[in-house]
Amino acid sequence: MSRIGRTRSGPLGRREFVRQAAVGAAGLTLLSRRAGATPPSDKIVVAHIGVNGMGRNHIRWFAGLEDVEVAALCDVDGGHLGKAMETLYDIRPGSRTEAYLDFRRVLDRKDIDAITCATPDHWHALVAVMAFQSGKDVYGEKPLTYSAREGRAMLDTLERHDRIFQLGNQIHASDNYHRVVELVRSGVLGEVRKVHLWKTGGSPDLGFPANEAPPGALDFDMWLGPSREVEYNPARCHFSYRYFLEYSGGKYQDFWCHIADVAFWALQPKGLRRVSARGESPIDGIADAPAWIDVDFAFDGLDIHWTTEPPDLPGAAERGIGAYFIGTKGTLVCDYGTREIRLDGEVLEDLPEVPETIPRSPGHQQNFVDSVKSRIHPESNLAYAREMTLPMHLGLISWRLKRPLEWDAEKERFVNDPAADYLLSRDYRAPWTLS
Amino acid sequence: MKTKICLSILLASALATSAVAQGNPEDGFEPLFNGRDLAGWEEAEGFLVEDGTILTRGAKAGDLYTQAEYGNYILRFDYMLSEMGNSGVFVRAEEGEPLEGRFEVQLLAPWTPYRDDLHCTGSLYGHVAVTSRPDESTDAWHSMEIVLDRDTVIVSVDGKAVTWAQTEHVESLREKNLKGRIGLQGNHSDPNQWVRFKNVRLKNLDSDVGYVLRGFGRSEPQIRRTTRDAAVDLGSAVIPGLCRIMASPDPVGPAAAREALFAIAAQASAPDYPSDSRDAMREMLAGERDRAESGEVKGYLEWLRGMLTAGD
């Protein structure tokens, strides 16, 4: 693949882009716009920022919606842009979509209503905040943010600019999660004072790859963005960046949003007081995010326990990820697509007497698009997503410092532990600021 | 005798340490047994102190374990076996059920027909045979030295190396602990038999900054773990060396050095850590930051320093 021009000013023209990136001819032969039933005035114009990996799913999902125009794709790696454009053209041949290397040029475009963000974690907050400031709504990938305080900055900016945000924890939209929430809230389990959450697996063996020069198509300085200046190492960049604390928090941080979601949605835990983590970092390679991490969270009247191994409870062991609600009358264990209720010695999948009270999602992305139009916040909106993800960050800080921490939920800071407070945020590398 | 000991020390030092062979060969050794009582050891049946020696007798004696754990070290002691005495030294035994992770350096009087090279004095019992038989005479004092240098084990008797092993090349030793307690096995041959120990002393290689830093060149998972933990135990003394490793182009060392630096600073950041020691570490990090040539190291050290400055 030929290298894409490093221009920071203006988009690459589509024709120019296609020539440079050697995208297949499909896009050239079918230039007519896709005819849809939705009138153009009812369509929202979307740009995708970060288009490898999960970003390609964003393209597939949003290009599959009638009322969406995909106006721009953006990535700091030109190689990703070529592949992403092919993905888009497969679904929408001839889509009038432009490619960008610098997301700020995307935000400059007045015709774009919303962006989706599937960059590495350390970019999430900054892309979202700058998008809000430029009047755009955001569908942003999990785990919401890199650091705890970034979530606060996002929320403040969203409110100031009256924007819409949906976190990309797409399992939220499932019928199963909606039903679990109805069952737990109905009181059939009695009072729920304890929840176990787990996700098996940790950072993998990445070995000891040497630093090297960044690939020509990658703007590595832009990839680093607000994070510290370091030499390029392929294992610390695309895909496996997740296993480095400089950019993310490993599988724990990655999967928290998927499974903690159902517990926080159902029980709305408040008044977190204490966070106590145990665990180890990997020893078989250069990754430093948890090989395993267990965390105990003490909320008002509710204990939540996160573990890397399933708890020793009926129905838990066979689930690689799960939530186990323990009530005074019964228990409920679930994962993304299944659930088991244990009540009076019986194992049940559902209880017909519990009415369906929560409207079902039209799909996680459609729910966002509907919100962009209606200005009513979507299901996994920012205020909710921030509450749900904040404890995860605090657990990781306790794991890093190897000590239990007391939390002041009202002031959103630790009690008498300035170093722990220090880890709630990280200064951005110039010229980036979160303001 | 003295020259013989020096030979084994030289062998050990070539593999393990830099400072051992310099000066007095006993430099850096600390007694594990005070000659009077079993302070520093767990309670065990069948052991007592007599005439400045540890004596184990009887057929049902327990095993006498140190309270502390040791990873890499040179252990020296003198021992005497009765005519049919049977004992040994367990190394790197974990607390609780210390069976799986440990192994034993054998001490055995030459009466039994089963005393092959894999089970005689000086062997790593059942795992590695001696390459030359030591003097197995009973009712006489002998000296033993056990060197545990990460994955290298050297056993010497009366100043002569008898067993040498690299644990990674011995399948049954590959998964053994790299750290744990030291145990003296109770005599277990006959109620009238006995074993005596004296001059039990140890040089802890993990308290040698240079030794620990050299471990950062190793990529084997368990060695990485114990090296990192040993560095964190050393605390501020190891910071300058860790900064040098972090700046090196070697792909193996920097990640673990960076993590150890964080763990050391994290310890010092605890609210109950003495504030003057925290201040000293902060100054040290600032000095290393100023000296560092790599922007990456400078930035990291400044960030760590910030963690110790927070709240001031």
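Just so it is clear: chains get the letters A, B, ... in the order the sequence lines come, proteins before strands, and each one is counted from 1. Since this is a predicted model, take the numbers as computed values, not measurements.
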Shortest non-hydrogen separation from [X] to [Y] and the atoms involved:
{"X": "Arg225(B)", "Y": "Ile283(A)", "answer": "NH2-CD1, 3.2 Å"}
{"X": "Leu401(A)", "Y": "Met307(B)", "answer": "CD2-SD, 4.2 Å"}
{"X": "Pro418(A)", "Y": "Ala310(B)", "answer": "CB-O, 3.2 Å"}

Taking [atom1] in [X] as the centre, count heavy atoms belonging to other residues, nucleotides or ligands within less than 6.0 Å. Is the count above 12?
{"X": "Asp312(A)", "atom1": "CG", "value": "no"}
{"X": "Glu293(B)", "atom1": "CD", "value": "no"}
{"X": "Glu212(A)", "atom1": "CD", "value": "yes"}

For this session: Could you tell me whether the side chain of Pro251(B) reaches within less than 4.5 Å of the side chain of Ile286(A), counting heavy atoms only?
Result: no

Problem set entry | Pro282(A) vs Glu259(B) side-chain heavy atoms within contact, under 4.5 Å | no

Which atoms of [X] come close to chain B, meaning under 4.5 Å heavy atom to heavy atom: side chain ones, backbone ones, both, or neither?
{"X": "Arg429(A)", "answer": "neither"}
{"X": "Glu231(A)", "answer": "both"}
{"X": "Asp284(A)", "answer": "both"}

Exercise. Which distance, rounded to the nearest 0.5 Å, do you find between the CD of Glu229(A) and the OG of Ser294(B)?
Worked result: 9.0 Å

Exercise. How far does OG of Ser269(B) sit from CZ of Arg403(A), to the nearest 0.5 angstrom?
Worked result: 3.5 Å

Exercise. Is it the case that Arg228(A) places NZ or CZ above or below the six-membered ring of Tyr300(B), under 6.0 angstrom from the centre and within 45 degrees of the axis?
Worked result: no

Seminar exercise, completed: Assert top hit (heavy-atom pairs under 4.5 Å, partner chain A, pool Gln267(B), Arg258(B), Lys298(B)) equals Arg258(B)

Seminar exercise, completed: Looking only at Ala270(B), Ala255(B), Ala266(B), Pro221(B), most heavy-atom pairs under 4.5 Å shared with chain A are made by Pro221(B)

Exercise. Quick one: of Asn211(A), Asp427(A), Leu423(A), Asp421(A), who has the most non-hydrogen atom pairs under 4.5 Å with chain B?
Worked result: Leu423(A)

Problem set entry | Tyr422(A) side chain vs Trp303(B) backbone, donor-acceptor pair below 3.5 Å | yes

